[in-house]
Protein chains: 2
Amino acid sequence: MNAARKKPEDKRSSPRAQPSQGNIPLGPLEKSIGYALRRAQVAVFADFMSHIGDAGLRPAQFSVLLVIRETPGLKQSVVADALGIQRTNFVAMVDELQKKGWLDRVPADRRSYALHLTEAGEAKIAEALAMHTAIERRIGRLLGPGGRASLLEHLRIIATTLADAERDDGQRA
Amino acid sequence: MNAARKKPEDKRSSPRAQPSQGNIPLGPLEKSIGYALRRAQVAVFADFMSHIGDAGLRPAQFSVLLVIRETPGLKQSVVADALGIQRTNFVAMVDELQKKGWLDRVPADRRSYALHLTEAGEAKIAEALAMHTAIERRIGRLLGPGGRASLLEHLRIIATTLADAERDDGQRA
DNA sequence: TATTGTTATACTCTATAACTATA
DNA sequence: TATAGTTATAGAGTATAACAATA
């Protein structure tokens, strides 16, 4: 996912890219929700990176700062759990955000930390959120007024229903 | 993405998981198309892995076999490009599928290969496709008749429009 | 005893640079 | 000169196991 990196190669000297390769049929993939979800998600994240990534802020980090901004003082494990990140992988993320000066670990008791944004973190997330809002509005224009709400609802249904099913499978096993 | 792996820990001895942690508000993330896309995509891939992953077939590999089944004899780089995979990363994928006996490299000229499914590959993809179809139908039931088609169209618009914008950015740079 | 944070580790996915052989 | 496949490498993301300190 690094659409922000330079693209030094931009030859495309010939008008058509490939010989005899108009559009390769993807078969059942073309009607697959899973595949369409992946392609759309990749595109949106690349778009995010090209607009916000220059600030050194990746999507996952953006989500962390937003949650802490919404509720300052949350414990590491609570933030990680809310975002579906394992606490073991969350350690390095907080380390990095702290090293960048956007976030502080404030001791809550002697084994846990309360997470708070620094002033720099508040400024950074405000700036990133403004660009994120612009991106979302652009998507809204693409899909039409009801389209965006409809899409959000469909995605919510899929995420919650399938995630619950996974959890049930785990319990049954 | 490894939902198929065992889940040995299933304690949940206490009725509620966390103290004072009902539902953490995610703020603007709750209305974010990008975040909703990610959560839905993760859920669908986990669902895929829990049903098809036991066969040792991951989503990306599934997509490769499907494309080759649809059009046997395609070159490596054409398949990779059609799926948005860089040809440099595609080499190991083909190696692995070939090692599993699902796919063959047939020399086309002296620098390129035509990809074909083996008999075992045909059987494997037929089996996986049946399960994939069942998964897709389940999503169809979740979203209602028009919902699934609407979702597919929205995802297609997002993927194509944003991907094109990225390409234009690259050209302008 | 259960929770919290942590380290170590490994595997997948993705990205770039550079190379060989061939068209 | 451009294309096809390849290798090497690096950075993210995500998964599990095991541990110390604390509640």
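A note on names: the letters A, B, ... follow the listed sequences, proteins ahead of strands, and every chain is numbered from 1. In this text the structure is predicted, and so the values were computed from the model without any measurement.
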Between C:dC13, D:dT16, C:dA15, which nucleotide gets closest to the side-chain atoms of B:Arg58?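 Output: C:dC13.
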Output the single nucleotide from C:dT4, D:dG5, D:dG13 whose closest atom is nearest the side chain of A:Arg87.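 Taking heavy atoms from C-beta onward, the closest nucleotide is C:dT4.
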When you check the phosphate oxygens OP1 and OP2 of D:dG5, does a side-chain N or O of B:Lys75 lie under 4.0 Å from one of them?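 Answer is no, no contact under 4.0 Å.
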Any side-chain N or O of B:Gln86 under 4.0 Å from OP1/OP2 of C:dT14?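 It does not, given that no N or O in the side chain of B:Gln86 lies less than 4.0 Å from OP1 or OP2 of C:dT14.
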Could you check how far [atom1] of [X] sits from [atom2] of [N], rounded to whole Å?
X: A:Phe48; N: D:dA12; atom1: CZ; atom2: C1'; answer: 15 Å
X: B:Asp81; N: D:dG5; atom1: CG; atom2: C1'; answer: 15 Å
X: A:Asn89; N: C:dT12; atom1: CG; atom2: P; answer: 16 Å
X: A:Leu74; N: C:dG5; atom1: CG; atom2: C1'; answer: 16 Å
X: B:Gln41; N: D:dG13; atom1: CD; atom2: P; answer: 14 Å

Taking [Y]'s backbone N and O only, do any of them form a donor-acceptor pair with [X]'s side chain (distance below 3.5 Å, no angle check)?
X: B:Thr160; Y: B:Arg156; result: yes
X: B:Thr118; Y: B:Gly101; result: yes
X: A:Gln61; Y: A:Leu97; result: no

Does A:Gln76 reach a base, just sugar-phosphate, or nothing at all? Heavy atoms under 4.0 Å.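 It contacts sugar-phosphate atoms only.
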So if I take residues 90-118 of chain A and measure heavy-atom distances to DNA chain D, which residues fall below 4.0 Å?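 Listed by number, they are A:Asp109, A:Arg110, A:Arg111.
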With a 3.5 Å cut-off and heavy atoms only, can you find an N or O donor on one side and an acceptor on the other between the side chain of A:Thr88 and the base of D:dT16?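 Between D:dT16 and A:Thr88, which were checked side chain against base, a qualifying N/O pair under 3.5 Å is present.
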Answer yes when B:Lys99 and B:Glu96 have at least one side-chain N-carboxylate O distance shorter than 4.0 Å, and no when they do not.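 Looking at B:Lys99 and B:Glu96, the cut-off is not met.
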Tell me whether A:Asp95 is salt-bridged to A:Arg105, with the criterion being a basic N under 4.0 Å from an acidic carboxylate O.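 Yes, charged N to carboxylate O under 4.0 Å.
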Give a yes or no on this: more than 12 heavy atoms of other residues, nucleotides or ligands lie within 6.0 Å of atom OH of A:Tyr113.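 12 or below, so no.
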Taking the side chain as every heavy atom from C-beta outward, state whether A:Phe62 and A:His132 have any atom pair closer than 4.5 Å.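 Touching, per the 4.5 Å side-chain cut-off.
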